[in-house]
Protein chains: 2
Amino acid sequence: MNHAAQNITQECADCPIRHRAVCARCEPDELTRLEEIKYYRHYDAGSHILWSGDRMEFVASVVSGIATLTQTMEDGRTQMVGLLLPSDFVGRPGRDTSPYDVVATTDIVMCCFRKRPFEQMMERTPHIAHRLLEMTLDELDAAREWMLVLGRKTAREKIASLLTIIARRDASLNLRAPKGVLVFDLPLTREAMADYLGLTLETVSRQISALKRDGVIELEGKRHVTVRDFARLLEEAGDDNDGGMLA
Amino acid sequence: MNHAAQNITQECADCPIRHRAVCARCEPDELTRLEEIKYYRHYDAGSHILWSGDRMEFVASVVSGIATLTQTMEDGRTQMVGLLLPSDFVGRPGRDTSPYDVVATTDIVMCCFRKRPFEQMMERTPHIAHRLLEMTLDELDAAREWMLVLGRKTAREKIASLLTIIARRDASLNLRAPKGVLVFDLPLTREAMADYLGLTLETVSRQISALKRDGVIELEGKRHVTVRDFARLLEEAGDDNDGGMLA
DNA sequence: GTCAGACTTTGACCCAGATCAAACCCGGAC
DNA sequence: GTCCGGGTTTGATCTGGGTCAAAGTCTGAC
């Protein structure tokens, strides 16, 4: 488990969903109601949280650890369609089954709410429904952004785009690094990255080596990354906007 | 404008959103309120309905014609991230600007609702908010399904997947064809298909020719398609489920 | 009818990324 | 310490789809 994730665990110890997932504007009594129906689940690295087609009996937010959403074809080709980092929300009120495999990439703790009571609460408190719509729209935007990556970017741009995403996520939690320099651990194996990017693991490895050789990133071991010039990384990603990271 | 689209125009003449977009369960008085704030817009083929970053002052459903959602990189590479067919909904309550270009592919008629009154109505009638969440989840699923297509499928599978989608859409409207045989017009140029599939227009053309040569589809002119064996097409698409098309 | 322009097809060639194969690295079990 | 196995890197080669180029088709204006 990486350092940033541990932070989240602590930050969210009393009420994980307060963090970013559901309750940005919760009144105290609503928080209390959420407290009453919540419980925790732990999964080991590598285990399936949900299989595609499984009945989903809960919605949840990630407390610590990493999970992925993947789709798989009969012949085994797989595509990752989402990455769940601490504070992310999983599950869809109003739907019975999961359309994807949800797999724990690291040991992971989820803060769960049984679906029925959660849905009932949604009906009572419209702003939670509103917040959920907003989160779904964010996910939709992210998915469509990723369609551009998958459909039109080169292998090098794809890697840079992924690093960008992970860096942004981690950096918003990890404020220790001096401004402009981002330090983080890759939460995924080369193979998982490949499945996210529509590449092979060999190509991922080669492109990471190339970015290192060209001074875009520094690597310590196989997972620990330092980015000294985030603007440069964005350029490599073929990204025109900075998502608010650069003042 | 193709025949199916004309059908929709007639079906929806009195209240387009009643069709499938927003109002599946509307009470009569809610329909009346919607009637009061709706108006129509016409766009010519090829014109921009919204530019990326534009302020959106309305939400709308497509009455007739086709539009696309696209993202473009600075160097001109473009990726289509959504296809708007008759009865589809555009616009996101709670968001101010469009993250995508919305372009009319054919002449198109939209049934629009000014955003503010629409949002107010959403607050008054929770089931519309609920329906909107559902539609957004559908879009999210479609986007993620498409990520698998973009990331992991071959050119031939991509083309077959696109035909599958268009055939399903059109077939649900066009009940004249004998069971099992689907007949429809391609609503997109080869270039637009390429932008949807993350290919070049030459590759699209070659793969369509190949599917024709192999008897998967029949072509009359450049746009009119007959599919005699839908299961075969699904197989070519690498798709395991039939989305309920085959009994 | 015929001309212009937009769309499409087809061919020849090339290259980014896949595939196949072999080492390498490193942490944990013993 | 040594061994083992999963993850990673690197090299050699192959190929699907991109690129460049030319020709074909259709439609609508005149």
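Every chain is numbered from 1 and lettered A, B, ... according to where its sequence line falls, protein lines coming before strand lines.
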Query raised in the report: Can you check the A:Leu201 CG to C:dA18 C1' distance for me, whole Å?
Result: 11 Å
Enumerate all atom pairs, one protein N or O and one N or O from nucleotides 22-27 of chain C, separated by less than 3.5 Å.
none

**Report entry** Donor-acceptor pair, side chain of A:Asp185 and main chain of A:Pro187, under 3.5 angstrom
**Finding:** no
Requested in this report: Tell me whether the OP1 or OP2 atom of D:dG6 has a side-chain N or O from A:Thr189 closer than 4.0 Å.
Outcome: no
Report task. Report which part of the nucleic acid A:Arg156 touches: base, sugar-phosphate, or nothing (heavy-atom distance under 4.0 Å, all strands). Result -> nothing
Report task. Scan A:Gly198 against the nucleic acid and name what it touches under 4.0 Å (heavy atoms): base, sugar-phosphate only, or nothing. Result -> sugar-phosphate
Query - Residue B:Ser205, side-chain heavy atoms: nucleotide from C:dT9, D:dT8, D:dG17 that is nearest - result: C:dT9
Requested in this report: Select base, sugar-phosphate, or nothing to describe what B:Thr200 touches, counting heavy atoms under 4.0 Å on all strands.
Outcome: base
Requested in this report: Please determine, for the side chain of A:Arg223, which listed nucleotide (C:dC7, C:dT9, D:dT8) has the closest atom?
Outcome: D:dT8
Query raised in the report: Which is true for A:Ile208 with a 4.0 Å heavy-atom rule: it touches a base, it touches only sugar-phosphate, or it touches nothing?
Result: nothing
Query raised in the report: For A:Thr203 and C:dA18, is the shortest distance between a side-chain N/O and OP1 or OP2 below 4.0 Å?
Result: yes
**Report entry** Atom-pair distance (CZ on B:Arg152; P on D:dG16), nearest Å
**Finding:** 17 Å
Query raised in the report: Would A:Thr78 and A:Asp195 count as having a side-chain donor-acceptor pair, cut-off 3.5 Å?
Result: yes
Query raised in the report: For D:dG18, does OP1 or OP2 lie under 4.0 Å from any side-chain N or O of B:Arg206?
Result: no
Query raised in the report: Should the pair A:Tyr39 and A:Phe58 be assigned to parallel (<30°), tilted (30 to 60°) or perpendicular (>60°) ring geometry?
Result: perpendicular
